[in-house]
2 protein chains.
Amino acid sequence: MDRLAEKKNDDARPASAWSKVTMSDVAREANVSTATVSRFLDGMVPVLEPTRAKVMEAIKKTGYIRNEAATRLARGTSDTVGLLIRDPNNPYYGILHSELQLGAAEHKLHLLTVASPPGFNPMTENFGLRRLLEQRVGGILVATGTIAPDELSSFVRDVPTVVLGRPEEHPTLNTVSLDEVANAQLIVDAVLARGHQDIVVTFPETNHSGLLIEHLRGTWLTRHLREAGANVITVDTPSLSSADIESTHRQVIDLVRDEKVTAALFTSDMKLLGFLKAAQEAGIRVPEDVSATGFDGLLPGTELLGLATVRLPVEALARRGMEIIHEEMVSDARLPVRHESLVGSFLPGRTLAVRLPQ
Amino acid sequence: MDRLAEKKNDDARPASAWSKVTMSDVAREANVSTATVSRFLDGMVPVLEPTRAKVMEAIKKTGYIRNEAATRLARGTSDTVGLLIRDPNNPYYGILHSELQLGAAEHKLHLLTVASPPGFNPMTENFGLRRLLEQRVGGILVATGTIAPDELSSFVRDVPTVVLGRPEEHPTLNTVSLDEVANAQLIVDAVLARGHQDIVVTFPETNHSGLLIEHLRGTWLTRHLREAGANVITVDTPSLSSADIESTHRQVIDLVRDEKVTAALFTSDMKLLGFLKAAQEAGIRVPEDVSATGFDGLLPGTELLGLATVRLPVEALARRGMEIIHEEMVSDARLPVRHESLVGSFLPGRTLAVRLPQ
DNA sequence: TTGTACGCGTTATCAA
DNA sequence: TTGATAACGCGTACAA
């Protein structure tokens, strides 16, 4: 009778070799009911001091940790926000994740993150989304470029949702997006203000999946420049393959050597970095021989490297996203769908210079 | 009777404005019992074809999504692994997170991430850990430099745990660590092999919290060098303040100008990057005037920048961590505690050159 | 202020 | 192969 009766279900649940302390263990230890323990934990209902002490003692002694699954089941709601991000190995998502964590804490919310494996597979992203929904989180933040709002909307009828960063609106989904049109304008203004008139823009000219954003940026850079009367040459970077990248660099470098352009615009800071290296190897100086700009401003060391770029307003994106989710979660009515758009800021850096006369 | 009887608890749970479809809704729709739906979902128990079809149909029609909280409660175990990381806005944690996600998928496990807000506050990290335990995840991966194993061990008696990357062993906790001693040796070997004998090492000489790793690296760089008979000068970088950083740069640059050293060793790639900029502004060329090495190899663009550094084996760290967790989760007995240690690889880059004679 | 008892949504046991 | 039903651990009227 010693070990067998120790816990009534000792042999009824051999599924795990790891013990679990429950609330009734604590209640028994403290000679109170489970309801009292629950109320003590909740903190919203007053509990007499001697009882408090007993319960605290019992919790410490048993090492009890509340089972959040049971809590959510009983409560029906949860103050946890689910975050779906794509590739954590990407400064953009890294900063976003970090800032959202901060924002969640400010609103006394919890953040639970699911990352979809890298690569552009919409299937696996839907899996991640499903897992978040299965957790019955109180709200969902979707920060993955590839999952289209249309697909999303059928999934998330039942939980407050905000789509972050996608340059796209949707009739039933809240979105906080990055205004790539205005961002491109920032770059263009800076380049023109420094007297450049002959400019090469490098970007994926066709809209491949996964290169959507860069395609968009390049398109708008070009359009803004042309509308301002600049002379624009575009160079297509159809893929991320090193062959394509190298060919792009060669073309740009040739244009510089032939004095056809005085500035080269790229659609990401990594691309700019790649060009900087190629230029150096080709004996071309930046910004003396050619000015160059990037896009993002998120790479660790951007300032150190002196990249001229647009800093994406990731912090504001995170803040607004969390605010909207929070409002939806505390309100018991459905709020009107919101669409917001955020503009970045230009970082002058040292790769963009005034065009020398002649 | 139309809307009022639609769902029996329509007004009994007004907590949320969002509807929830449950398993019994599906069961009713398909004219089967909840048990059948559950078995269908589980997939391990055969279900007759006509029944399958009915259930599938009903699930689609109702838009049902399983409640994982209830599942975990009923099952008592879960195939979800909890990951505690520090600052997602940090390439190291970003890559780790990404690779762990991949590894989890390979083992058919789910990964749920909690990030502790940036800053070195052990309190908030314990909060994150507690939240993971409250989720009753099947295993826990701790990847945060600041939470000491000793503190950890009292928390996680009841769930398989692996500590990732901390240079420290513990009698009851599995650890997969980065062998900073061997990593430092890699740098030292490379520097000595290129003929350098007069070397400056820059690092926090006192062991501040949060600078532990860099302190360790610097200490071992110095020790290895001295053991090999090199002439080492150390420069203290007590903090991350820009004043301290600049003072460090000045000292190193003076040493170079006075021809006291031919190589400068830094304890992170960001530090190296900072020095590269300072050197450039001071008119000192790297590696012509002085060779320089970093530590990490994780910055996006490391190869582009040509940093000479040690690439931390983050991928292997993730893989081993996930393997160990998986083994512990499938085994119903407790496995012996394991300690493993991983060595990185040297990246030659372009900031380290052969020392010129004289 | 505390205790009793039921329900939350799902799984698993046992019959049918 | 399926259906009823008892857990799972916790929150919360309702009663005391």
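This one's a predicted model, so the numbers in the text were calculated from it and none came from an experiment. The sequence lines fix the lettering, A, B, ..., with proteins before strands; numbering per chain opens at 1.
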- Message: If the cut-off is 4.0 Å, is B/Arg72 near the phosphate of C/dG9, judged by side-chain N/O to OP1 or OP2?
- Response: no
- Message: Looking at B/Thr34, I'd like to know whether one of its side-chain N or O atoms comes within less than 4.0 Å of OP1 or OP2 on C/dT10.
- Response: no
- Message: What's B/Val32 touching, base or sugar-phosphate or nothing? Going by heavy atoms closer than 4.0 Å.
- Response: sugar-phosphate
- Item | Pair A/Glu49 + A/Arg52, salt bridge at N-O below 4.0 Å | yes
- Query: Among B/Glu328, B/Glu169, B/Glu327, B/Arg320, which residue meets the side-chain hydrogen bond (donor to acceptor under 3.5 Å, both in side chains) test with B/Asn174?
  - Reply: B/Glu328
- Below 3.5 Å, does any donor atom in the side chain of B/Arg39 face an acceptor in the base of D/dG3, or the other way round? yes
- Whole-Å distance between D/dC10 P and B/Glu134 CD? 10 Å
- Message: Under 4.0 Å, heavy atoms only, any strand: does B/Thr36 hit a base, just the sugar-phosphate, or nothing?
- Response: sugar-phosphate
- Result for 5'-nearest mapping on DNA chain D, choosing between B/Pro50 and B/Leu73, is B/Pro50
- Query: Rounded to whole angstroms, how far apart are CD1 on B/Ile59 and P on C/dT10?
  - Reply: 10 Å
- If you look at every strand shown and take non-hydrogen atoms under 4.0 Å, does A/Phe40 touch a base, only sugar-phosphate, or nothing? nothing
- Message: Hydrogens and angles aside, do B/His170 and B/Thr175 bring a side-chain donor and acceptor to less than 3.5 Å of each other?
- Response: no
- Item | Residue met sooner reading DNA chain D from 5', once B/Asn31 and B/Ala70 are mapped to nucleotides | B/Asn31
- Specify the separation, in whole Å, of atom CG of A/Leu133 and atom P of C/dT10. 13 Å
- Task: Grab the CD-P distance between A/Gln135 and C/dT10 for me, whole Å please.
- Result: 13 Å
- Under 4.0 Å: is that the gap between some side-chain N or O of B/Thr51 and OP1 or OP2 of D/dT2? yes
- Item | Side-chain N or O of A/Thr71 closer than 4.0 Å to phosphate OP1/OP2 of D/dC10 | no
- Task: Would you please say whether a donor-acceptor pair under 3.5 Å links the side chains of A/Gln101 and B/Asp87?
- Result: no
- Whole angstrom value for the distance that separates C1' of C/dG9 from NZ of B/Lys20: 13 Å
- NA contact type, A/Val47, heavy-atom cut-off 4.0 Å: base, sugar-phosphate, or nothing? sugar-phosphate
